[in-house]
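Okay, so here's the structure we're looking at.
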Amino acid sequence: MDLLSGEADGAAPAVVQVLLPVALDKTYSYLAPPDLRLVPGSIVTVPLGTRKLIGAVWAFGDPAGVPLKKLKPVLGVHDAPALGDPLRTLVDWVARYTLTPRGMVLRMVLRVPEALAPEPAVPGVRRAGPAPERLTDARRRVLARLEDGFAWTRTGLAAAAGTSPGVVDGLVTAGTLEVVALPPGPPVHPPDPDFNARALTPDQVRAADELRRAAGEGFSVTLLEGVTGAGKTDVYLEAVAEALRRGRQVLILVPEIALTRAFLERFSERFGANPAEWHSDVPPKQRMRVWRGVAEGRVPVVVGARSALFLPFADLGVIVVDEEHDAAYKQEEHATYHARDMAVVRGRLEEAAVVLSSATPSLETRANVERGRYRRLVLPARATGAALPEIALIDMRRAGPEKGRFLAPGLIAAVRRTVEKGEQALLFLNRRGFAPLTLCRACGHRFQCDNCSTWLVDHRFRGTLSCHHCGHTVRRPESCPACGALDSLVACGPGVERIAEEAAAVFPDKRIIVLSSDMLGGIQRLRAELQVIAEGGCDIVIGTQIVAKGHTFPKLTLVGVVDADLGLSHGDPRAAERTFQLLVQVTGRAGRLGGEGMSPGFGILQTFAPEHPVMAALVSRDPERFYATEMEERRAASMPPFGRLAAVIVSGTDRPATEDHARALARAAPMAEGIEVLGPADAPLALVRGRHRLRLLVQSGRESDLSAYLRAWLAAAPPARGSLAVQVDVDPQSFL
DNA sequence: AGCACGCCGACT
DNA sequence: GTCGGCGTGCTC
């Protein structure tokens with residue numbers, strides 16, 4: 001795209017196209033006062049209706065020919081670097097791909113209003129006049145500190161002179177000192193690429209060499225694959241080091257804020273300084289510094305959640321996507337995009353090297369490797385002793401527990417052997433609370449959420465029934481609200497609390513800790529419990545997904561998965577992949593001390609489907625086997641990555657109106673070769689936070705441009721009115 | 001997105 | 001009589 005096309009000639013007033021961070025796809029035309037030096041990407045303030053908004057200059061001229069009298073002038077330019085070509089192209093690209101108005105994508109770039117005001121200069125003081133008449137001791141010490149001629153901060157100077165800031169203020173009043181603006185400090189200490197280069201294994205060295213080369217060669221995508229503990233981080237930090245040596249910036253995406261802590265330590269060990277952080281919990285002042293620092297090229301490395309993808313890097317050389325398979329990279333709110341894929345797009349636009357790191361890569365990424373689009377580097381396990389754990393299955397149909405119990409005798413025996421050796425066992429169940437469903441034995445009443453189509457989960461520790469979707473909570477009643485029967489309520493199915501109860505009954509003298517995200521006492525309590533576990537003050541850990549990543553359990557040697565089939569049952573195209581990834585991750589928490597360093601521990605999976613490819617792959621400790629069969633399945637079903645899937649989601653407060661609109665939309669779907677629209681008849685109607693939701697699934701056997709199809713469809717479809725809303729997800733990660 | 005302008009129900 | 005609900009439409 002030629003951004004300079006249609007530049008105003010000679011006498012005609014200069015007009016610029018400005019993109020605004022509102023739900024508009026179009027740019028608006030504004031008069032450009034000649035004294036403002038505008039360039040493409042300039043961040044400007046303009047009037048819109050009654051409001052003043054911050055937007056960005058997207059182009060010059062006025063191809064649409066808006067009548068001159070309608071045009072208002074640009075009010076001012078911000079003292080911040082203009083958004084670069086690659087970032088502006090990224091905004092256009094993401095908007096087009098996700099069918100989101102460009103303004104809403106720009107919003108993700110400009111979501112830092114504080115950053116756009118010039119950073120308030122730190123007030124400093126320096127010597128400006130003669131010594132005061134009354135020269136006290138404290139005053140003498142202050143003046144002595146200023147002999148060097150530099151300006152000091154008020155508080156810094158007072159502290160250095162061993163006195164209070166009041167003394168400094170007094171000298172300012174006396175005219176001895178003056179207040180001056182100090183230049184803002186650098187937002188982060190620069191990392192040193194050669195600070196603490198680790199000794200790498202020969203395999204790591206080979207991989208690191210490849211990545212270093214990639215970091216110097218413009219755009220490429222490399223999958224870095226290796227089991228937990230194989231040293232992927234050490235390897236990709238060498239690509240980071242290379243980018244730093246070349247003076248280019250680095251973005252490291254991590255799936256969750258909670259995981260950044262451990263990573264930051266790792267980083268500062270290697271580079272002697274912390275990277276800048278970017279996620280929703282970074283306080284406003286620091287956000288401002290990071291945003292500006294990134295734009296001005298003064299921040300060399302950012303570690304952040306998916307929103308960091310839209311930071312205005314001045315010269316981005318390397319993008320790392322850590323745990324690239326993680327579902328947290330899919331953004332569902334506002335614009336729906338997949339940060340891993342958009343990172344690849346940004347890498348292409350910025351001429352950067354993209355590194356995708358994972359022990360269990362997504363099928364999308366593996367398919368791109370097979371097609372020759374991405375390179376693949378495998379870190380073999382043998383180098384560090386890391387490998388997949390030994391896995392055994394318990395066939396719950398033959399060797400399961402008695403009715404009403406959830407731990408099979410085989411699993412109990414294994415836990416007993418483990419704890420009696422003084423080691424720890426983990427019982428993993430990805431379900432919070434005591435039981436996922438409560439029903440009345442007398443009348444069959446099931447406790448359901450008022451706002452959502454979900455069961456209320458029994459939280460016995462708290463004495464409540466809660467919806468995990470919207471948070472709706474009621475006290476656990478004594479009698480059935482439908483038939484009034486007393487003592488007729490039964491809990492169906494297990495949650496971690498119930499497993500804890502069962503484990504306590506089986507192992508009355510063992511120390512048991514339950515870890516889940518809804519734990520009473522919050523994050524501090526969680527940290528404390530983790531500390532207890534690390535110190536060996538616990539025999540059996542019972543946990544949800546929260547134990548699957550991040551934390552390390554040094555004394556853990558056995559992982560028992562209470563329900564390995566959980567998550568396989570939905571008609572989700574990625575169910576098998578997700579389950580495989582989760583089970584590899586959680587069983588990988590087990591290790592065994594001995595020889596040189598850790599070696600893998602044991603995993604026991606309770607399953608009703610021992611012949612399922614996921615279980616078979618885990619038992620054989622051969623992930624390639626899983627990838628091969630799953631690839632074939634997906635290919636046969638034309639599911640991603642061999643076909644495209646999209647969802648048109650209709651939601652509304654009125655159920656019949658929502659269904660009607662979904663039907664009307666489905667009727668309006670154009671016929672197209674190889675594209676099929678499913679629903680609304682086959683699509684379940686869900687109630688989510690008080691709104692009815694229906695999905696129309698759009699499936700394409702080929703990798704055709706579904707976006708174009710969807711655009712054409714929705715342009716011709718009846719418009720949504722009232723509370724009805726239509727949302728498009730061009731790459732849904734589940735059917736739910 | 002946000003804001004004004006609009007047209008219908010209960011009240012300082 | 002107004003205050004205020006949120007449905008509709010526009011913003012250079």
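Each chain gets a letter, A, B and so on, in the order its sequence line appears, and its residues count up from 1. Below, all heavy atoms of this structure are taken into account, side chains as well, without hydrogens, waters or symmetry copies.
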**Message:** Just so I know, are the side chains of A:L356 and A:V221 near enough to count as touching, which here means a heavy-atom distance under 4.5 Å?
**Reply:**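 Sidechains of A:V221 and A:L356: in contact.
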Check: residues 30-42 of chain A side-chain donor-acceptor pairs under 3.5 Å, at least two apart:
residue	atom	partner	partner atom	Å
A:Y30	OH	A:P47	O	2.8
A:S42	OG	A:V39	N	2.9
A:S42	OG	A:V39	O	3.0

**Message:** Distance alone, cut at 3.5 Å: any donor-acceptor contact between the side chains of A:Q17 and A:S29?
**Reply:**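 On atom types as modelled, these side chains qualify, holding a pair under 3.5 Å.
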**Message:** Going by side chain to side chain contact (heavy atoms under 4.5 Å, CB included), name the residues that satisfy it together with A:A664, two or more places apart in sequence or in a different chain.
**Reply:**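 In terms of side chain to side chain contact (heavy atoms under 4.5 Å, CB included), with neighbours along the sequence ignored, A:A664 is linked to A:R667, A:P718.
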**Prompt:** Do any pairs count as a ring pair (Phe, Tyr, Trp, His ring centres under 6.0 Å) and have a residue in residues 690-717 of chain A, sequence neighbours left out, and if so which ones?
**Reply:**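 Counting only pairs at least two positions apart or across chains, no ring pair (Phe, Tyr, Trp, His ring centres under 6.0 Å) contact touches residues 690-717 of chain A.
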**Asked** With sequence neighbours left out, which residue pairs that include part of residues 314-337 of chain A fulfil the ring pair (Phe, Tyr, Trp, His ring centres under 6.0 Å) condition?
**Response**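 Output for this query lists A:F310-A:Y337.
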**Item:** Where chain A begins and ends its contact with DNA chain B, read 5' to 3' at 4.0 Å from heavy atoms
**Value:**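 So the contact region on DNA chain B extends B:dA1 to B:dA4.
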**Asked** What do the steps show when you test A:S362 against A:E577 for side chain to side chain donor-acceptor pair (under 3.5 Å), and what is the final call?
**Response** CA-CA 8 Å; A:S362 60; A:E577 178 186 355; 4.9 Å; no
Pairs under 3.5 Å (N/O, protein and nucleotides 5-12 of chain C):
residue	atom	partner	partner atom	Å
C:dT8	OP2	A:G722	N	3.3
C:dT11	O3'	A:G49	N	3.1
C:dC12	OP1	A:P47	O	3.2
C:dC12	OP1	A:G49	N	3.4
C:dC12	OP2	A:K72	NZ	2.5
C:dC12	O3'	A:S29	O	2.9
C:dC12	O3'	A:K72	N	2.7
C:dC12	O2	A:S29	N	2.7

